[in-house]
Enquirer: 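Have a look at this one.
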Amino acid sequence: MTSVLHAVWKKSRRCESGHCVEIADLAVAVGIRDSVTPQQHLIISPESFRIFVDGVKSGEFDRV
């Protein structure tokens with residue numbers, strides 16, 4: 001697995017404020033962090049990340 005310390009973190013192209021979620025491909029996992037507090041991060045499986053992204057795309061997390 002790629003070290004979180006040496007990971008390449010990417011922000012969405014839609015990020016305009018600088019306060020964004022960043023994603024890193026860690027080979028066998030996916031890293032997720034807030035750009036404001038990069039020292040804190042989550043590591044999840046690629047499958048969990050895919051399920052999350054599918055939920056975002058389908059509006060599952062939209063506020064009502």
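Only heavy atoms go into these numbers, but all of them, side chains included; no hydrogens, no water, no symmetry mates. In this chain, residues are counted from 1 in sequence order.
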Enquirer: Please answer: with hydrophobic residues joined when any side-chain heavy atoms are less than 4.5 Å apart, are Ile32 and Phe61 in the same cluster?
Expert: yes
Enquirer: Return each pair, listed once, that meets disulfide (SG to SG under 2.5 Å) where at least one residue sits in residues 8-64; pairs must be two or more places apart or across chains.
Expert: Cys15-Cys20
Enquirer: Mind checking what makes side chain to side chain donor-acceptor pair (under 3.5 Å) contact with Ser45, not counting sequence neighbours?
Expert: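 By the side chain to side chain donor-acceptor pair (under 3.5 Å) rule, Ser45 matches Ser48.
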Enquirer: Give me each pair satisfying disulfide (SG to SG under 2.5 Å) with a member in residues 22-64, each pair once, sequence neighbours excluded.
Expert: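 Found none.
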Enquirer: Could you tell me which non-hydrogen atom of Gly31 sits nearest to which non-hydrogen atom of Ile43, and how far apart they are?
Expert: CA-CD1, 4.3 Å
Enquirer: Sequence neighbours excluded, which residues qualify as salt bridge (charged side-chain N to carboxylate O under 4.0 Å, His left out) partners of Glu60?
Expert: none
Enquirer: Among all residues two or more places apart in sequence or in another chain, which pass the side-chain contact (heavy atoms from CB on, under 4.5 Å) test with Thr37?
Expert: Asp34, Gln39, Gln40
Enquirer: According to the disulfide (SG to SG under 2.5 Å) rule, which pairs have a member within residues 33-64, sequence neighbours left out?
Expert: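 Sorted pair list comes back empty.
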Enquirer: Name all pairs fulfilling the disulfide (SG to SG under 2.5 Å) condition that reach into residues 28-64, sequence neighbours left out, sorted by first residue then second.
Expert: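 Every pair satisfying disulfide (SG to SG under 2.5 Å) with a residue in residues 28-64: there are none.
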Enquirer: Calculate, to the nearest 0.5 Å, the distance between atoms NZ and CZ belonging to Lys11 and Arg33 respectively.
Expert: 9.0 Å
Enquirer: Same cluster or not: are Ile44 and Val21 linked, directly or through other Ile, Leu, Val, Met, Phe, Trp or Tyr residues, by side-chain heavy atoms under 4.5 angstrom apart?
Expert: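 Shared cluster, yes.
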Enquirer: Using atom types as modelled, flag every donor-acceptor pair under 3.5 Å from a side chain in residues 52-59 to any protein atom, sequence neighbours excluded.
Expert:
residue : atom : partner : partner atom : Å
Asp54   : OD2  : Arg50   : NH1          : 2.7
Ser58   : OG   : Asp54   : O            : 3.3
Ser58   : OG   : Gly55   : O            : 3.1

Enquirer: Quick one: list whatever passes salt bridge (charged side-chain N to carboxylate O under 4.0 Å, His left out) with Asp62, sequence neighbours left out.
Expert: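 Counting only residues at least two positions away or on another chain, Asp62 forms no salt bridge (charged side-chain N to carboxylate O under 4.0 Å, His left out).
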Enquirer: To the nearest 0.5 angstrom, please state how far the CZ atom of Phe49 sits from the CG atom of Asp25.
Expert: 9.5 Å
Enquirer: What closest approach, in Å, do Ala7 and Leu26 show between heavy atoms, and which atom pair accounts for it?
Expert: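 What the structure gives for the nearest pair is CB-CD2, 3.6 Å.
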